[in-house]
Amino acid sequence: MKLPEFEYFSPRDIPSTLELLAIHGAQASLLAGGTDLLVRMRQRLAAPGVVINLKDVEELKGIEKQKDGSILIGALTTLTELLESSLIRKKYPGLHQAAEAVAAPPLQNMGTVGGNLLQETRCLYYNQTAAWRRAKPVCFKAGGETCNTVKGGKHCFATYQGDLAPMLIALSARVVLSRKGESRALPLEALYSGKGKRPHNKDADELLQGVLLPPAEKNTVCRYEKLRLRQALDYPLVGAAVCLTLSDDGKLCKSGCLVLTAAGSGPVIVDDNAMMKDAEITDAWIDALAEAAYKAAKPVPNVLTPPAYRKRMARVLTRRALNKALAR
């Protein structure tokens, strides 16, 4: 499982990186922590002609508080740095929980925020060696015209299994994308297409520069709950992220957002204020949100546990996340 041949560049600043992306475009892959890309290259799931190493681009690193109270997290900030940030732990504990749930410490030392957000969708029949895949028809994600997961499926059902994105979406985070000569900021949820084959709405010449978190609001509580086979290393089988802004007496939810992961080909927004705005916090309200999560989850048989089980667990984890966030 040697790496395929490629041309290698290691720029030292953002303008140089954007220049390389403008020249090489779709032929290039960006290397951050490498925990996703290098494995995919060894499995021949990716064979870029050009690899651009971002590790020397210092401008993409760090966590900074802005003048307006928002927080800018550089795309090359590692998960360990996120976990060790007192600012994140104090002001955004839900994000701390989500980062802590990613893999295990050795991979947290390597993995980056940008890499976690831009990880590829996964499938039990796709994320295998080239030799293993030759025993199956070529699937949509590999450029074929069939789905090895859903019989008769007309598109790719590969699953998005990121941990950070659901919590950052619940926190109303935005991402900054840059290309030579321009940049744009968009809500994080807009970065995801919901399509298994091409999961990101990002052009080949664009660089994810960082994540912007809005100022932490008073009386906001968050929680991330994750189901996995082991307590470390594993991708989520399903996960639920919830953020609620409460009234001063804690009896009303003034606003909130509930997002699932590993429940479709992108993060699944179950509720963004529709059921949460000015809602009285009751057991019936929690049950209604849990039921909404159950209905929104659309798992397919492309991970190691049955879809029906994962769908039921979306309900369980949502209820658990709400109760823990509310300290009930």
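Side chains are part of it too, since the values below use all heavy atoms of this structure and drop only hydrogens, waters and symmetry mates.
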Any idea which heavy atoms bring K202 and L118 closest together, and the distance? CE-CD1, 4.0 Å
With respect to P15, which candidate in L18, T17, D13 satisfies the side-chain contact (heavy atoms from CB on, under 4.5 Å) definition? D13
Under a 4.5 Å cut-off applied to non-hydrogen side-chain atoms, are V211 and V113 in contact? yes
Would you say Y160 and V238 are hydrophobically clustered, going by side-chain heavy atoms of ILVMFWY under 4.5 Å? no
Check whether any side-chain heavy atom of K254 sits under 4.5 Å from a side-chain heavy atom of K277, and report yes or no. no
For the pair D234 and K226, evaluate salt bridge (charged side-chain N to carboxylate O under 4.0 Å, His left out) and give the outcome as yes or no after the intermediate values. CA-CA 10 Å; D234 286 338; K226 173 179 178 176; over 6 Å; no
Out of curiosity, Y235 OH to R122 CZ, how far, rounded to the nearest 0.5 Å? 4.0 Å
Taking all non-hydrogen atoms of both residues into account, name the closest pair between D68 and S70 and its distance. OD1-OG, 2.6 Å
With sequence neighbours left out, the residues meeting salt bridge (charged side-chain N to carboxylate O under 4.0 Å, His left out) with K180 are E19
In this structure, would Y8 and L37 fall into the same cluster of hydrophobic residues linked by side-chain contacts under 4.5 Å? yes
Side chains of R174 and P187 in contact at under 4.5 Å (non-hydrogen atoms): yes
Distance-only side-chain donor-acceptor flag, T245 / N219, under 3.5 Å: no
Linking I/L/V/M/F/W/Y whenever their side-chain heavy atoms sit closer than 4.5 Å, directly or via other members, would V242 and L95 fall into one cluster? no
Going by salt bridge (charged side-chain N to carboxylate O under 4.0 Å, His left out), name the pairs with one or both residues in residues 288-301, residues two or more places apart or in two chains. E291-R315
Partners passing side chain to side chain contact (heavy atoms under 4.5 Å, CB included) against A103 (at least two apart in sequence or in another chain): L107
Applying salt bridge (charged side-chain N to carboxylate O under 4.0 Å, His left out) to D287 and R319, what does each step give before you reach the verdict? CA-CA 7 Å; D287 288 344; R319 184 180 289 113; 3.2 Å; yes
For the student: nearest non-hydrogen atoms of S172 and P214, plus distance: O-CD, 3.6 Å
Run the numbers on S178 and Q209 for side chain to side chain donor-acceptor pair (under 3.5 Å), then give the verdict. CA-CA 7 Å; S178 300; Q209 195 165 324; 2.5 Å; yes
When you compare the side chain of C139 with that of Y126, does any pair of heavy atoms fall below 4.5 Å? yes
Between V259 and C257, is any pair of side-chain heavy atoms under 4.5 Å apart? yes
All heavy atoms of S10 vs all of D56, minimum pair found to be OG-OD2, 3.2 Å
When every non-hydrogen atom of P301 is compared with those of P307, the smallest separation belongs to N-CG, 3.4 Å
Stacked cation flag K311 on Y294, 6.0 angstrom / 45 deg: yes
pair R328-I286: side-chain heavy atoms closer than 4.5 Å: yes
Spacing of C222 atom SG and K91 atom NZ [to the nearest 0.5 Å]: 13.0 Å
CZ on R179 to CG on D205, rounded to 0.5 Å: 4.0 Å
Pair N302, T159 - check side chain to side chain donor-acceptor pair (under 3.5 Å), show working. CA-CA 8 Å; N302 63 353; T159 301; 3.1 Å; yes
Sidechain-backbone polar pair: H96 side chain, I88 backbone, donor-acceptor under 3.5 Å: no
Residues passing the side chain to side chain contact (heavy atoms under 4.5 Å, CB included) test with M110, sequence neighbours excluded, are T35
Can you tell me how far apart CD (Q43) and CZ (R40) are? Round to the nearest 0.5 Å. 8.5 Å
Result of checking L30, L20, L177 against L207 for side-chain contact (heavy atoms from CB on, under 4.5 Å): L30
Begin with the C-alpha distance, continue with both residues' side-chain angles, and end with the deciding distance and a verdict on side-chain contact (heavy atoms from CB on, under 4.5 Å) for L79 and T112. CA-CA 6 Å; L79 299 172; T112 64; over 6 Å; no
Verify, without hydrogens or angle tests, whether S247 (side chain) and L252 (backbone) share a donor-acceptor contact under 3.5 angstrom. yes
Only counting residues at least two apart or in another chain, list the ones meeting salt bridge (charged side-chain N to carboxylate O under 4.0 Å, His left out) with R312. none
Give a yes or no answer on whether the side chain of Q128 reaches the backbone of Y125 with a donor-acceptor pair at less than 3.5 Å. no
Should L188 and L213 be counted in the same cluster of Ile, Leu, Val, Met, Phe, Trp and Tyr side chains packed under 4.5 Å apart? yes
Spacing of L258 atom CG and I269 atom CD1 [to the nearest 0.5 Å]: 10.0 Å
Output yes when a side-chain donor or acceptor of R223 lies under 3.5 Å from a complementary backbone atom of N323, and no otherwise. no
Please tabulate, one pair per line, all N/O donor-acceptor pairs under 3.5 Å involving side-chain atoms of residues 141-156, not counting sequence neighbours.
| residue | atom | partner | partner atom | Å |
| --- | --- | --- | --- | --- |
| K141 | NZ | E120 | OE1 | 2.6 |
| K141 | NZ | T121 | OG1 | 3.0 |
| K141 | NZ | G196 | O | 3.0 |
| K141 | NZ | K197 | O | 3.4 |
| N148 | ND2 | P137 | O | 3.0 |

Side-chain H-bond candidate by donor/acceptor type, T80 with Q108, under 3.5 Å: no
Apply side-chain contact (heavy atoms from CB on, under 4.5 Å) to V51 and F9, showing your working. CA-CA 6 Å; V51 171; F9 294 94; over 6 Å; no
Rounded at 0.5 Å granularity, tell me how far NE2 in H24 sits from CD1 in I52. 6.5 Å
Please assess M276 against C253 for the test side-chain contact (heavy atoms from CB on, under 4.5 Å), listing each intermediate value before the final yes or no. CA-CA 6 Å; M276 294 185 172; C253 174; 3.9 Å; yes
Check step by step if salt bridge (charged side-chain N to carboxylate O under 4.0 Å, His left out) holds for E182 and R184. CA-CA 7 Å; E182 64 178 299; R184 60 184 175 129; over 6 Å; no
Taking a hydrophobic cluster as the set of Ile, Leu, Val, Met, Phe, Trp and Tyr residues connected by side-chain heavy atoms closer than 4.5 Å, whether directly or through intermediates, do I169 and L82 fall within one such cluster? yes
With a 4.5 Å limit on heavy-atom distance, are the side chains of V57 and I14 in contact? yes
In the structure I gave you, are the side-chain heavy atoms of L304 and L229 within less than 4.5 Å of one another anywhere? yes
Working note: R12 + E58, criterion side-chain contact (heavy atoms from CB on, under 4.5 Å); need CA distance, chi angles, decisive distance, verdict. CA-CA 7 Å; R12 295 185 177 274; E58 295 296 326; over 6 Å; no
Do you know the tightest heavy-atom contact between G33 and K55? O-NZ, 4.4 Å
For the residue pair Y192 and N201, confirm or rule out a side-chain donor-acceptor distance under 3.5 Å. no
